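Worksheet for the structure shown next.
As the structure is a computational prediction, the values presented were derived from the model and not from experiment. Within every chain, numbering begins at 1; the chains are lettered A, B, ... in the order of the sequence lines, protein sequences first and strands thereafter.
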Amino acid sequence: MARPNDEVEDLFQEYADLLSITGGDAFKVRSYEKAARAIGGHHEDVSTLDAKALRAIPGVGKSIADKVAEYFATGSVRAVEEARAKIPDGVRRLVAIPTLGPKKAAALYHDLGISSVDELVAAIHGERLRGLKGFGLRTEENILRGVELLRQSGGRVLLDAALAVADEIVAVLSAVPGCERCEHAGSLRRFRETIGDVDVLAAAHDSAPLMRAFRELPLVAEVIVAGEKKTSIRTAEGLQVDLRVVPPSAWGAALQYFTGSQAHNVRTRVLAVHAGLKLSEYGLFDAASGELIVSETEDEVYDRLGLPWIPPTLREDRGEIEAAQRGELPELVTETDLLGDLHTHTDLTDGVASLEDMVRAAAARGYAYYAITDHAPDMAMQRMSDEKILAQRERVRKLDGTVAGMRLLHGTELNIGPDGEVDWPESFLRGFDLCVASIHSHFTQDRATITRRLVRAAENPCVHVIGHPTTRLIGRRGPVDVDLAEVFRACARTGTALEINSAPDRLDLRDEDILLAKRFGVRFAINSDAHAVHHLGFVRYGAGTAQRGWLTKDDVINTWPLERLREFLGSAQAQQ
DNA sequence: GCCGTTTTCGGCCCGACTGTTTTCAGTCG
């Protein structure tokens, strides 16, 4: 189940969308968006809060607090239901298309009766948009490109959504009597950036109670197939989940088989054949006699193939078999290796939690150090000023070391402008412990310009980390067109780290880019880019992505002790 | 709809780009 806070966030975001499509007051729309974000990022469960506590959340006043209460009392909100009655859900989905906002969606619906993405595409191809005010040929092209982007991620969900579903199912099934083991497998276990369907594997002598419990889960919207060995369901959000139940003796072989990837499995089966064996989801067998050799653990299966156990995040047939044969598998960085987070926000800019709340939550994760990196003035909407950032620095210095001994770094997330310049002059930047620099606009510049822009940022002696280097948003915006090798070369030369932004809709750098960057000898930082307390946990996805890029602890600067990190930050400034 | 070096209503996130226009609306971060 979604967190109650997430349910309310989705509800108010939907209401804001509907209000904007119906031409409602823009400030009212913004109020609901702001409240949605604040509630989604709030640390307490809003379903347990009374009116007074609800109104203590920034952006929540009487009207919105009443609607939250109404939602938990009745299961719905009358005002939202009324808005839904006016605008078909398909019209709201149109605004998910990049470059298509509420005004254009409203025009398409009212003038042409278009109420779904499919109808819109058909209308464009039927040239029915020609002559519609505000819609030219370029607009049509942009819409079609946006739809294509949406469909590329089509049916696939982000890691966090898939993991939330998987975690819930595994927790419930593990408690069913007779269940000896239960884990998620598939691309989710390999931490792929998007997930087509969730695979859950369980071990039991009798599968019936597990299959029944699975079918009766509250999140099940539809049972697709129900058998003795396999059951598939679909959630209300459209995510397919497959449960396979195997005998406990076959656990290891099944887990290996259902974890994949397919390419990795092909390689392991070929290895088996060459050794006179046969590998299937039921075990490793002697090819001639059909006698079972091993099947109980993954370790045994790999061992009998002459390999050490291979971490799931490496199982893509990208050289892991060969590395394993040579005994050269990397010792992968893990989430628990992280000693701190180097890219986080507070409510001084676009975060929703206070400095103190963020610091407390970071300390609760056991971090040794933590950097606060709010936006700088060039992001005009954030209204940052020298005075505000210096006042924050005072507060950071006072808090430093007072919460569980955690050390604080005062930093900023600079904006890399169209020519590669950043917000403040060098004299001011030297006052920060750490500067992340990221691109936030001008995404469509040509390859040479973007490359030069990022190289210039890396060459800036005050920039320590390049944030979300390709700026892609999964399913919504492609990466900028850039010569990554050139950027990686510059980062290696200047001692500038590359971020692995852990936000599940970014995961930027992505795994393939990390593999390439590592070859240039670049260092990395696995950061949450948290805008709320619960975002700090995003580093789980960043660490998984780093593993898919074959990174070890030594490659990642925020696994280093503070002293070594400070040396790295200092030497970057000393250069050039 | 929220908020207030607040007290009851006026301001609220600003600037730039894109595409459609020919002076601006819509979208985005």
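Using a 4.0 Å heavy-atom cutoff across all strands shown, K133(A) reaches no nucleic acid atom at all. Contact annotation for T139(A): backbone-only contact, meaning every heavy-atom pair under 4.0 Å involves sugar-phosphate atoms and none involves a base. Among the atoms of the strands shown, only primed sugar atoms or phosphate atoms (P, OP1, OP2) are found under 4.0 Å from some heavy atom of R477(A). V60(A) comes within contact range of the sugar-phosphate backbone alone, with a heavy-atom separation under 4.0 Å but no base atom that close. Residue D25(A) is in base contact, counting any heavy-atom pair closer than 4.0 Å across all strands shown. At the heavy-atom level, F443(A) lies under 4.0 Å from the strands shown only through sugar-phosphate atoms.
Heavy-atom contacts from other residues, nucleotides or ligands closer than 6.0 Å to CZ of R93(A) number 12 or fewer. With a 6.0 Å radius and a threshold of 12 heavy atoms from other residues, nucleotides or ligands, R138(A) has its CZ atom at or below the threshold.
In this structure, of dG1(B), dG19(B), dG29(B), it is dG29(B) that holds the atom nearest to the side chain of L473(A). Among dT18(B), dA16(B), dG1(B), the nucleotide with an atom closest to any side-chain atom of Y32(A) is dG1(B). Checked against dC2(B), dC13(B), dG29(B), the side chain of M379(A) finds its nearest nucleotide in dG29(B).
Between H442(A) and dC17(B) there is a side-chain polar atom (N or O) within less than 4.0 angstrom of OP1 or OP2. Distances shorter than 4.0 Å separate some side-chain N or O of T444(A) from OP1 or OP2 on dT18(B). For N142(A) and dT18(B), the shortest distance from a side-chain N or O to OP1 or OP2 is not below 4.0 Å.
Atom C1' of dC14(B) sits at a distance of 24 Å from the matching atom of dC9(B), rounded to the whole Å. One C1' atom belongs to dC12(B), the other to dT8(B), and the distance between them is 16 Å to the nearest Å. Taking the P atom of each, dC17(B) and dC13(B) are spaced 22 Å apart, rounded to whole Å. Of the C1' atoms belonging to dA25(B) and dT20(B), the separation is 9 Å, rounded to the nearest Å. dG26(B) and dT21(B) have their C1' atoms separated by 13 Å, given to the nearest Å. A gap of 23 Å separates the C1' atoms of dA16(B) and dG11(B), to the nearest Å. A gap of 15 Å separates the C1' atoms of dT23(B) and dT18(B), to the nearest Å.
Using modelled atom types and a 3.5 Å distance limit, the side chains of H531(A) and D350(A) yield a donor-acceptor pair. Side-chain contact, Y541(A) with E193(A): no donor N or O sits under 3.5 Å from an acceptor N or O. A donor and an acceptor atom, one from each side chain of D508(A) and T470(A), are located under 3.5 Å apart. A side-chain donor-acceptor contact under 3.5 Å links H345(A) and H343(A).
We find the CZ-CD1 distance between R130(A) and I124(A) to be 9.5 Å, quoted to the nearest 0.5 Å.
Comparing G61(A) and V95(A) along DNA chain B, the residue whose closest nucleotide (by nearest heavy atom) sits nearer the 5' end is G61(A). For the pair L132(A) and L100(A), both in contact range of DNA chain B, the more 5′-proximal nearest nucleotide belongs to L132(A).
Note: CD (E140(A)) to C1' (dT20(B)) measures 13 Å, nearest angstrom. The NZ atom of K28(A) sits 4 Å away from the P atom of dG1(B) (whole-angstrom rounding). Atom CG in D350(A) sits about 9 Å away from atom C1' in dG29(B), given to the nearest Å. The separation between L19(A) atom CG and dC2(B) atom C1' is 15 Å, rounded to whole Å. Note: CG (D17(A)) to P (dG26(B)) measures 16 Å, nearest angstrom. Regarding E141(A), its CD atom lies at a distance of 9 Å from the P atom of dT20(B), rounded to whole Å. K34(A) places its NZ atom 6 Å from the P atom of dC3(B), with the value rounded to the nearest Å. Remark: P of dT18(B) and CG of L137(A) are 18 Å apart, rounded to the nearest angstrom.
Here F27(A) does not pack flat against the base of dC2(B), since the 5.5 angstrom centre distance and 30 degree tilt limits are not both met.
For the segment residues 103-121 of chain A, residues with any heavy atom less than 4.0 angstrom from an atom of DNA chain B are, sorted by number, K103(A), K104(A).
Summarising the base pairing, dT8(B) is matched to no nucleotide, lacking a Watson-Crick or G-U wobble pair whose two defining distances lie under 3.5 Å.
Ion pairing of E335(A) with R365(A) is present here, as a side-chain N (NZ or NE/NH1/NH2) and a carboxylate O approach within less than 4.0 Å. Under a 4.0 Å N-O distance rule, the pair E459(A)/R456(A) does not qualify as a salt bridge.
Screening N5(A), V68(A), L49(A) against I57(A) for a side chain to side chain contact (heavy atoms under 4.5 Å, CB included) leaves a single residue, L49(A).
Side-chain N/O atoms of S31(A) and base N/O atoms of dG1(B) include a donor-acceptor pair closer than 3.5 Å.
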